[in-house]
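To keep things clear, I will list the structure first and then write my remarks on it.
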Amino acid sequence: MEKVKIKIDGKEFEVEKGKTILQVALENGIKIPYFCYHPRLSIAGACRMCIVYVENYKRLLIACNTRVEDGLEIYTDHPLVKENQAYILQALMTRHPLDCPICDKAGECDLQNHGAIYGPQEQIVPISALDKYRDYTDWESDFLEYYSNRCIVCYRCTRVCDEVIGAKALFVDERGFHSNIVPAVRPIDTSSCEMCGACVYVCPVGAIISKPFKFWTRSWLLKSVTTNCSFCPGGCDIRLEYGVGDWRSKEKVYRIKPTDNINVCARAFFGYDVFNENRLLQPEINGKKCGKEEVINEIVKILEGSKKAGIVLSPYLPNEVIETVAEIGEKVGASVTSPVADHFFNILDEVGDSNITIDDFKNYENFVIVSEDITSLVPVISYYLKGNIYRIFGEEGARDEKLNPTNIEEGELKNIKGKTLLIVDPLLGYKRISKIIKGVKRKKDFDIFVVPKDFNALGLYRILKGRNITPFGTFIKALKEGYFETLIIFGEDIYDYLGEEEANVLISEVNNLIVSLPFSDGISERAHVKIPMALFGEFEGSAYTLMGYINFERFLPWSFDQKTLWEEVAKNITGEKGMTLPEGKGDTEKLPSVHLYRNNWITKRSMLLGRLYEKVCSVNA
C-alpha cells in the first residue's frame, strides 16, 4: 500500500494513503473525541465533534471524513478546535437532561466523558432540567426503551441496523431538534427488528437502553471479559459482564454486549439469564452433593461394572472434553454417538470437510442459500452476505428476506457465473439436499459451506471421524430395545431431536444414568450421577466455529472444572476394548426446528428469549 507522510501536533507519521485522519490518529494513540463515528459503520459526519485544524487549508475539518494526503499538518489541540468542541458539547447539553444518576449509560457514556474533558464546565443557557423534554414516539417494546431527550442524533443506531444487521427496523423522523428515532413498525418487538441489541451497544449516550438491564447495576461495578459466545456455531466475539449489582444482589451475569465487530444476536444479548437460573454447579450422587474425587470414583465404578454402556456426546462441549470422553468410550467398549451424527456428519462426509470461515465470505461474488431461513439458524452469517444472493427452499416471511434474495430452482444454479458459495442448512435433511450438493461439487467456481445448528458440531465431527461411532438412529433403536445398562448423556441435545417426552421415557429404563448438564432440572432430575457442564466463560478449551478455531478461557468464579474431572476419569479406567456398535439399523426422521429466539436446549431455557418467542408467535399465529 502507498504510504504518505503527515504531521499530527508536530509529530511526523508515515501512514497508509486513503485512510482518514481519525483512523490514523486512533491507530497511533492520539485522542480525538467523536460521537457518530464507528469502525464498522459508514461515515455520517453528523456530530462534528472530531474536528481538527489543518494548517495546509487554514481551516477546521472533520477528521472522520478527511483522507490523509502527503504533507498534511494537522492539529488536534488548536484553540479553534477546543473552542468549537466546547460549543458543540454546550449545544448538546443545553437540551440534554441531567439524569446521569439514574441513566444506565452512566460510567460509559461518551457525552458524559467528553463533556468532562472537552466541554464547558458551566451551563450558559438558562434552561432548567424540567424544560429539557421533546416529544418522542413510543417503541411499544417490552425489551428496548428509547429516551428522545437523551438522543444526540448521531445516526449510529439506524446505520448499524441498516448496514450490519440488515433489519432496517429504525429510521429518523422529523428534523433538527425534533428528530426522533422511530421503529419502522410498532411494536418493534414483532417487527423486522432481530432484538440483537446492536443499537443499544452503539448508542454513545443512554438514548436506547435494554429494559431487562435497566436499574440493575452500574457499569463500574461489573467485571467485563472479552470471550466468544457458544449459543450457536457462530462463535461471535462478545463481552460478558458479571459481578454484584447492589446490596440486594448475588454475583451473577448481568449482561452480554458485542465488541466493536458487532457480531451479536438476541441469543447472546438477551439470553444471558441462562447463566443465573437452575444451575448445576457441584457434582451430585443420588441427589446428594459430593466432592470431585467421590464422583470420579463413582463414575469409574459404574463404567467398569457395566457390560453395555452408551455415551451421547453434545456439540456444546469443547474439543478437549470430547476427545477425553471418546477415549473413555474406547477404553470401556461403549457405544458412542451424538444427535448430530446422522444428518450433519452424513452431509460433511458427502461434501468433505473444509476450512471456510465467515471471514472468507469477502472472497465470493455470489451466495446461494440452501435453507428455509439461514438468518434464524445463525444470525451472524446474514451480517456478512455482501453480493448477489440467491435462495433455494426459502420460506415466505423468513428473516432471510432482508437480504432481498432471488428465489431460484435447483436447475438454475448452472446460470450463476463467478465465484460462488453454496451455504447449506443440514436441517433440511440429507435426502432433500444431496442432489444439489452432488451437482455443485462438479462446478469449479462453487464452494460448499455446511452450517451446523450447534456450537462445536464441526469439532465433534473432526474428533470422531474415523472412529467406530454409532449412528444416532441406531443408538436410539438400541436404547428402545433395552440394550444399554449404563447411559452417559452430555447436554440435552437429545430433547431437540427426539422430543422431551419420548427422550424421558427412553432414558428412564437404564440402570445407571450419568448426566453432565449446566442445569439442575430437566434430564438432571432423572440422573443417578450429575456432573456440571460448562457454558462459555466457565470452561477452558477450544472449538471449531464459523469464525474459525477459538480458544476459550475459564474466568467465571462459580465455574466447575469439567475438563479435569473427565481427564481423571479417563486416567482411572484401564483397558482398550474399542467402541462397540449395536446390531441393526435405526432411523430418526425428526429434525429440530430452529427459531431466531429458540435454537437449542440452552436458549430455550432463557426466560427473556422465551418471552420474545411467545410475543412473536402470538402475532404470527
Side-chain angles (χ1 to χ4, degrees), residues 1-78 80-82 84-85 88 110 114 118 152-166 198 201-202 204 236-237 258-263 356-367 380 382-389 418-419 421 547-548:
M1 300 293 290
E2 186 180 348
K3 299 282 187 177
V4 295
K5 289 183 178 181
I6 64 170
K7 285 184 179 180
I8 302 179
D9 295 333
K11 187 175 180 180
E12 188 171 87
F13 296 91
E14 188 174 58
V15 300
E16 189 178 308
K17 185 178 181 179
K19 287 191 172 183
T20 65
I21 293 173
L22 183 58
Q23 286 174 315
V24 167
L26 295 176
E27 288 171 2
N28 287 279
I30 299 168
K31 292 183 179 179
I32 295 178
Y34 57 85
F35 291 113
C36 67
Y37 171 78
H38 191 281
R40 186 84 196 268
L41 305 178
S42 62
I43 302 298
C47 71
R48 323 306 284 183
M49 190 65 195
C50 67
I51 49 175
V52 292
Y53 185 81
V54 181
E55 184 66 38
N56 310 60
Y57 302 124
K58 306 292 184 183
R59 60 178 294 188
L60 295 172
L61 296 173
I62 53 172
C64 69
N65 203 26
T66 303
R67 306 289 167 178
V68 293
E69 301 171 7
D70 196 45
L72 280 188
E73 289 189 38
I74 302 153
Y75 293 93
T76 67
D77 56 356
H78 192 279
L80 281 176
V81 171
K82 291 182 177 180
N84 278 269
Q85 285 173 340
I88 291 166
D110 289 347
H114 293 342
Y118 305 98
I152 62 171
V153 199
C154 66
Y155 305 109
R156 273 190 182 184
C157 56
T158 55
R159 282 181 289 148
V160 76
C161 194
D162 291 353
E163 298 170 14
V164 179
I165 312 304
Y201 174 71
V202 299
C236 300
D237 49 319
T259 66
D260 278 345
N261 291 324
I262 315 181
N263 296 323
I356 296 173
T357 66
I358 286 176
D359 187 54
D360 297 318
F361 284 14
K362 61 181 179 291
N363 301 324
Y364 295 90
E365 302 170 48
N366 311 301
F367 300 91
V380 71
S382 66
Y383 306 168
Y384 289 87
L385 296 180
K386 310 297 180 185
N388 303 313
I389 314 294
K419 189 77 170 168
L421 185 65
M547 295 291 180

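No hydrogens, no waters, no symmetry mates; every other heavy atom, side chains included, goes into these values. Residues take their numbers from the sequence shown, with the count starting at 1.
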side-chain contact (heavy atoms from CB on, under 4.5 Å) assessment of V81 paired with L60
CA-CA 7 Å; V81 171; L60 295 172; 3.7 Å; yes
Please list, chain by chain and in numerical order, all residues satisfying side chain to side chain donor-acceptor pair (under 3.5 Å) with K419, sequence neighbours excluded.
D447
If you measure from CD1 on I8 to CD on E73, what distance do you get to the nearest 0.5 Å?
11.5 Å
Between CD on residue E163 and CZ on residue R156, distance to nearest 0.5 Å:
12.5 Å
Under the criterion side-chain contact (heavy atoms from CB on, under 4.5 Å), I'd like the reasoning laid out for Y34 against I62: C-alpha separation, chi angles, the key distance, then a yes or no.
CA-CA 10 Å; Y34 57 85; I62 53 172; over 6 Å; no
Are the side chains of C50 and I32 in touch, meaning some heavy atoms are under 4.5 Å apart?
yes
To the nearest 0.5 Å, what is the distance between CD1 on I74 and OH on Y53?
13.0 Å
With side-chain contact (heavy atoms from CB on, under 4.5 Å) as the test, would you mind laying out the steps for I30 and F13 before giving the verdict?
CA-CA 12 Å; I30 299 168; F13 296 91; 3.7 Å; yes
Working to the nearest 0.5 Å, report the span between CD1 of I6 and CD of E14.
10.5 Å
Please determine, by modelled atom types, if D260 and Y201 share a side-chain donor-acceptor pair under 3.5 angstrom.
yes
Taking all heavy atoms of C47 and all of F35, pick out the closest pair and write down the distance.
SG-N, 3.4 Å
Would you call K5 and D70 a side-chain contact if the rule is heavy atoms closer than 4.5 Å?
yes
Please report the interatomic distance SG(C236) to CD1(I358), rounded to the nearest 0.5 Å.
6.5 Å
Quick one, M547 and V380 - any side-chain contact, counting heavy atoms below 4.5 Å?
yes
Main-chain N/O of G71 paired to N56 side chain as donor or acceptor, under 3.5 Å:
yes
Shortest non-hydrogen contact from D9 toward Y75:
OD1-CA, 3.3 Å
For L72 and V68, the nearest pair of non-hydrogen atoms, with its separation, is CD1-CA, 3.9 Å
Would you call I356 and L421 a side-chain contact if the rule is heavy atoms closer than 4.5 Å?
yes
Would you mind reporting whether N65 and T20 have side-chain heavy atoms less than 4.5 Å apart?
no
Please indicate whether K362 has more than 12 foreign heavy atoms, meaning atoms of other residues, nucleotides or ligands, lying under 6.0 Å from its NZ.
yes
Are Y384 and N263 linked by a side-chain donor-acceptor pair shorter than 3.5 Å?
yes
Please lay out, stage by stage, how F361 and K386 fare under the test side-chain contact (heavy atoms from CB on, under 4.5 Å).
CA-CA 8 Å; F361 284 14; K386 310 297 180 185; over 6 Å; no
Does a side-chain heavy-atom distance below 4.5 Å link V54 with R59?
no
When you compare the side chain of V160 with that of H38, does any pair of heavy atoms fall below 4.5 Å?
no
Please report the shortest heavy-atom distance between C36 and A46, naming the atom on each side.
SG-N, 3.4 Å
Between A44 and C154 the two heavy atoms that sit nearest each other are CB-O, 4.5 Å
Taking every non-hydrogen atom, the tightest pair across R48 and I88:
O-CD1, 3.0 Å
Determine, step by step, whether E27 and K19 satisfy the salt bridge (Lys or Arg N to Asp or Glu O under 4.0 Å) criterion, reporting the C-alpha distance in whole Å, the side-chain angles of both residues, the deciding distance to 0.1 Å, and the verdict.
CA-CA 11 Å; E27 288 171 2; K19 287 191 172 183; 2.8 Å; yes
Gap separating the CG atom of D77 from the NZ atom of K31, nearest 0.5 angstrom:
14.0 Å
Determine, for Y37 and R159, whether the Lys NZ or Arg CZ falls below 6.0 Å from the six-membered ring centre while staying within 45 degrees of the axis.
no
Any side-chain heavy-atom pair of Q85 and I51 under 4.5 Å
yes
